[in-house]
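Given the structure is predicted, the values throughout are model-derived calculations rather than measurements. Per chain, numbering begins at 1; letters A, B, ... match sequence-line order.
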Amino acid sequence: MATSSRDVVLGRIRAALGAATDASAASAGWSAIRRGYQRTATRDREGVLELLVDRLLDYDANVVRVGRHEVQESVSRMLTARGVRRLVVPAGMIPENLPGGFEFVADEGFSAAELDAFDGVVTESTLAIAETGTVVLQHAPGQGRRAVSLVPDYHLCLVSAGRVVETVSEAMDRLHATADLATTFFSGPSATADIEMTRIKGVHGPRFLDVILIDED
Amino acid sequence: MSGTALDPRTAPTFPMAAKTMMGDTQLRKNVRHATDVIQAKRARVVDEMPDWQELRESGKQIRQHTMEHLDFYLEEFESNCTKAGGVVHWAKDAEEARRIIVALVKAAGATEVIKIKSMTTEEIQLNSALEAAGIHPYETDLAELIIQLGHDQPSHIVVPALHKNRQQIREIFQREMNLPELGETPQDLADAARQFLREKFLRVTTGVSGANFLIAETGGVCIVESEGNGRMCLTLPETLITVAGIDKVVPRFEDLEVLLQLLPRSATGERMNPYNSIWTGVNPPDGPREFHVVLMDNARTEILGDAEGRQTLNCIRCGACQNACPVYRQTGGHAYGSVYAGPIGAILTPQLQEMHHAQSLPYASSLCGACYEVCPVKINIPEVLIHLRNKVVKQNGMLNAEALAMRAMGMIFRSESRFRAAQRMGRMAEAPLVRKDGRGEGWIGWLPGLLGGWTQVRDLQAMPEETFREWWEKRESKEVASGN
Amino acid sequence: MFITCYNDTLFPATGKAVVRVLERLGHTVEFPAGQTCCGQMHWNTGYQAEALPLLTRFVEQFRGAEAVVVPSSSCVAMMRDHYPKMAEEIGDVKLKAEVAELLPKVFEFSEFLTKRLGLEDVGAYYPHRVTYHASCHGLRNLGLGDGPQRLLRAVRGIDLVEIAGLEQCCGFGGTFAVKNAEVSSAMLAEKTNAILNTKAEACTACDNSCLMHIHGALHRQRTGIQTVHLAEILAGE
């Protein structure tokens with residue numbers, strides 16, 4: 001019987017390493033990895049939120065901070081300012097956050113072309129990382145399929161202050177439990193520096209990004 | 001540069017290729033500009049991290065640990081990816097990887113694929129294999145699109161078209177996209193790419209990608225990018241095929257907290273790249289219905305088996321060493337005759353390819369150490385270069401002019417009297433070549449043979465009348481005579 | 001003192017200056033006559049087997065020294081970075097132990113002054129406009145930092161000007177300068193331009209190998225700019 005490529009490659013690895021490894025050896029070795037970097041927050045809550053706003057702005061997102069009861073009004077202002085009317089929303093959005101006067105269409109598994117026809121998308125988010133100016137979306141209620149927050153040219157994202165962490169380590173720790181969900185990190189609108197290293201915002205992903213940071217009461 | 005693939009088996013030696021590249025003033029200007037900008041950006045975001053050196057150390061240890069247990073982590077990845085609905089394939093070499101991918105595309109009934117920038121697919125020259133099978137690949141990363149439409153080759157692992165400036169890119173787009181009125185601002189060019197590719201994203205049903213990290217613990221795959229073309233290719237097609245070197249695996253989800261800090265800051269000088277995607281198998285109704293991963297060896301296991309070369313596999317393809325390298329700065333990437341250029345290419349290419357086809361690469365470095373200093377996972381590139389130079393020397397035997405000269409020098413240094421004799425002989429031998437300059441100093445303006453490289457642009461000062469040891473001995477004997 | 005092969009042969013003035021500075025500071029200098037070369041050229045070019053006996057020779061010559069001062073940053077980097085591995089390769093347990101004992105006593109000249117003796121002002125006088133070139137091995141492998149500049153700033157009469165691109169390699173790289181002469185020349189051109197822009201009369205460094213390469217071009221271009229080892233400036237009175 002011919003040896004499979006899998007067996008050949010694994011055999012080569014074991015030959016190169018001198019032996020096969022097992023779970024306990026791997027686990028012991030992994031636990032011994034030095035982790036002297038900063039894993040927890042160093043700022044107070046307000047400092048973390050300010051850092052997030054600062055870093056989002058630095059990467060060309062538009063950010064506002066509002067109280068819990070001002071969200072609907074803020075969404076309305078943002079959408080009006082952007083001149084968008086017909087927006088796709090994932091299932092499970094908090095309805096009170098969506099103002100009247102706009103057409104919000106729940107995602108029913110639209111095709112890419114159908115998504116392309118919307119003016120924009122409104123989503124919630126799983127968490128945000130202040131240090132890097134990053135918002136994380138997962139395939140969860142209020143955030144939806146990846147395509148929904150990708151194809152439309154405008155994205156309005158709601159971030160709850162309680163879900164903002166300072167460091168990447170804290171974020172990965174929180175995400176660990178739901179690591180198998182499709183996950184997208186975005187840090188600012190899509191961008192490229194492929195032409196003479198000049199950062200240009202807006203290529204294929206949403207070119208326009210607004211973030212509403214919702215303070216806890 | 002023509003459209004001929006960068007192939008270390010047929011590429012000219014580094015010094016020859018470098019000479020050609022260095023004749024291209026525009027290219028050198030573009031490379032200098034790009035590497036200056038990117039280095040400054042990197043320095044800024046690295047300096048704001050007080051724990052950078054600790055992150056580097058952890059990054060190194062994670063990668064080293066992974067390589068030491070590579071079989072275990074690959075099997076764990078395979079098992080978890082399969083459980084989540086992915087299909088894992090194994091490829092011994094480039095040829096097998098190409099065959100698997102072409103077969104998968106055909107099985108999906110596709111005649112076109114959309115591609116995310118992937119140096120692994122460049123390494124195996126996947127595009128020509130797809131084209132030969134009647135499948136058209138569309139590169140969707142802006143730089144790769146520029147390369148593809150310009151019938152060019154990538155010259156950098158992160159910014160493959162950094163050797164082209166805006167005017168050159170505009171010319172390619174005007175011609176290939178049929179846009180005679182196209183402007184030349186970067187924004188105009190990016191908009192043109194958006195328009196050109198949008199239709200492909202919405203239409204083509206098969207995607208091909210590389211991978212930044214394969215997560216053993218979850219079976220997930222992580223890809224980092226800037227433009228959103230990656231998200232398009234990962235999300236919209238019905239079938240997704242990911243090809244990754246076996247070195248791309250990481251043990252646990254948590255390890256990304258280190259690598260996702262090191263990679264963007266080192267690669268593009270950003271705190272985080274605009275988009276990271278992590279997905280695990282298939283997730284209906286979100287994304288492709290069919291997902292394949294091709295795990296490819298292609299000589300990586302040979303590197304693994306070489307204790308001194310093994311650290312090469314720790315590379316996370318950030319390109320920081322290319323930006324920092326004073327040699328790359330002069331020549332650009334094509335001189336390296338491989339998709340992996342710069343310092344990492346100088347150690348990776350000779351190990352991925354049969355050594356005698358890439359013999360000059362380990363010498364394409366002044367061993368200045370700038371690459372090691374910026375490497376986010378602390379690969380000691382100079383050390384590996386020296387290790388590979390040893391292999392080259394062994395391969396070439398001891399009967400060539402350089403080896404004979406080295407051997408003779410070795411003999412001389414092993415004996416004080418021979419060393420003294422050589423110092424005297426040197427003075428005599430150089431005498432016919434020495435000319436006095438205006439200050440009355442002796443200088444040599446021309447040297448023969450192997451040493452001729454020196455005197456192309458430099459003079460060589462003649463040896464002094466007296467060596468240090470001669471002076472010292474005179475002084476000692478005087479002191480003895482004067483009773484000290 | 002370990003003068004190193006090329007300084008002995010080509011730059012005796014540097015050795016004399018080291019002796020002068022150290023004696024002025026009240027130290028006794030010894031010069032073991034059997035010393036030759038650290039093995040860097042062979043090792044870095046891939047001729048490992050030729051380099052190994054030179055390690056043994058170095059240990060024989062310098063065992064028992066209180067400190068070994070070397071006016072060449074790249075030779076010290078060679079010893080520090082590779083001698084332990086070379087001793088391993090030779091497989092002689094006694095030699096390994098001797099290397100481990102001897103290496104902490106090996107100092108690059110400026111490092112000996114700043115780190116071992118804790119000095120900045122060595123009482124020198126040098127009334128010229130000078131720029132300092134940070135040799136890569138001193139900068140990165142030895143971590144000399146601004147030690148050499150601190151020594152220079154303390155020199156009376158000196159006009160020290162900083163060069164643009166201080167951390168950029170000059171393109172010497174040993175056999176690299178010959179094997180990749182074209183690229184080396186291009187790197188050198190950037191360095192000599194930076195030197196010319198400082199309007200300095202002389203360029204100094206802790207390594208005559210870089211200076212030989214830089215001086216070669218400055219001389220070919222008839223710039224009139226000299227190169228001078230750091231020790232020779234510190235020996236000035």
Counting only heavy atoms closer than 4.5 Å, note whether C:H219 contacts chain B via side chain, backbone, both or neither.
both
Please tell me if the side chains of C:N180 and B:F14 come closer than 4.5 Å, counting only heavy atoms from C-beta onward.
yes
If you take all heavy atoms of C:G34 and B:E416, which pair is closest and at what distance?
CA-OE1, 3.4 Å
Strictly below 4.0 Å, N to O, side chains only: are C:R222 and B:D459 in salt-bridge contact?
yes
Within a strict 4.5 Å, meaning less than it, do heavy atoms of the B:M409 and C:C5 side chains meet?
no
Contacting moiety of C:S135, where chain B heavy atoms sit under 4.5 Å
neither
Of the backbone (N, CA, C, O) and the side chain (C-beta and beyond), which part of B:E308 lies under 4.5 Å from a heavy atom of chain C, both, or neither?
side chain
Engaged part of B:A422 at the chain C interface, taking heavy atoms whose separation is under 4.5 Å:
neither
Spacing of CD belonging to C:Q168 relative to CZ belonging to B:R329, to within rounding of 0.5 Å:
5.0 Å
When heavy-atom pairs shorter than 4.5 Å are enumerated against chain C, which of B:M411, B:Q423, B:K394 gives the highest number?
B:Q423
At a heavy-atom separation under 4.5 Å, does C:E60 approach chain B through its side chain, its backbone, both, or neither?
neither
Identify which part of B:R407 has an atom lying under 4.5 Å from any heavy atom of chain C, answering side chain, backbone, both or neither.
both
Salt bridge flag under 4.0 Å for residues B:E402 and C:K179
yes
Can you tell me which portion of C:A33 sits under 4.5 Å from chain B's heavy atoms? Options are side chain, backbone, both or neither.
both
Side chain from CB out, backbone as N, CA, C, O: work out which of these in B:L460 comes under 4.5 Å of a heavy atom of chain C, or both, or neither.
side chain
Would you find more than 12 non-hydrogen atoms of other residues, nucleotides or ligands less than 6.0 Å from B:M398 atom CE?
yes
Non-hydrogen atoms of B:F468 and C:M1 that approach each other most closely:
CZ-CE, 3.1 Å
Give, as side chain, backbone, both or neither, the part of C:V19 having an atom under 4.5 angstrom from any heavy atom of chain B.
side chain
Heavy-atom side-chain contact between B:R439 and C:Q226 under 4.5 Å:
yes
Contact between B:I386 and C:W43 at the side-chain level, heavy atoms closer than 4.5 Å - yes or no?
yes
Nearest atoms (heavy-atom pairs only) where C:R220 meets B:G445
NH2-O, 3.1 Å
Minimum heavy-atom separation for B:Q456 and C:A181, please, with both atom names.
OE1-CB, 3.9 Å
With a 4.5 angstrom heavy-atom cut-off, which part of B:R32 approaches chain C: side chain, backbone, both or neither?
side chain
Structural part of B:S365 lying under 4.5 Å from a heavy atom of chain C:
backbone
Against chain B, residues from residues 46-54 of chain C with at least one heavy atom under 4.5 Å, in numeric order, are C:G46, C:Y47, C:Q48, C:E50, C:P53, C:L54
Chain C heavy atoms under 4.5 Å from B:M406: which part of the residue, side chain, backbone, both or neither?
both
Taking side chain as everything from C-beta outward and backbone as N, CA, C, O, which of these in C:L188 sits under 4.5 Å from a heavy atom of chain B? Side chain, backbone, both or neither.
side chain
Chain C contacts, top residue of B:I412, B:L447, B:L367, B:T13 (heavy-atom pairs, under 4.5 Å)
B:L367
Would a 4.5 Å heavy-atom cut-off, applied to side chains only, mark B:W471 and C:K16 as touching?
yes
Contact class of B:E373 relative to chain C, heavy atoms under 4.5 angstrom
side chain
Between atom CZ of C:R140 and atom SG of B:C371, what is the distance when rounded to the nearest 0.5 Å?
8.5 Å
Go through the atoms of B:E476 and report whether side chain, backbone, both or neither lie under 4.5 Å from a heavy atom of chain C.
neither
Measuring from C:D8:CG to B:W472:CH2, what's the distance to the nearest 0.5 Å?
12.0 Å
State, yes or no, whether a side-chain contact exists between C:T9 and B:F419 at a heavy-atom distance under 4.5 Å.
yes
If I compare all heavy atoms of C:Q35 with all of B:R469, which pair ends up nearest, and what's the gap?
O-NH2, 2.7 Å
Non-hydrogen atoms of chain B under 4.5 Å away: do they reach the side chain of C:H215, the backbone, both or neither?
both
State, yes or no, whether a side-chain contact exists between B:V393 and C:T45 at a heavy-atom distance under 4.5 Å.
no
Heavy-atom closest pair, residues C:G216 and B:W443:
CA-CZ3, 4.2 Å
Side chains of C:E182 and B:P15: closer than 4.5 Å at any heavy-atom pair?
no
Working to the nearest 0.5 Å, report the span between OG1 of B:T467 and CG of C:N7.
12.0 Å
Are side-chain N/O atoms of C:S184 and B:R458 paired as donor and acceptor at under 3.5 Å?
yes
Need one label for B:S360: side chain, backbone, both or neither, based on atoms under 4.5 Å from any heavy atom in chain C.
neither
By a 4.5 Å heavy-atom criterion (distance strictly below it), what part of C:E190 contacts chain B: side chain, backbone, both, or neither?
side chain
Options B:G453, B:A18, B:A370, ranked by heavy-atom pairs under 4.5 Å with chain C, top entry
B:A370
How long is the gap from OG on B:S366 to NE2 on C:H137, to the nearest 0.5 Å?
8.0 Å
Option in B:L451, B:T455, B:T331 with maximal non-hydrogen atom pairs under 4.5 Å from chain C:
B:T455
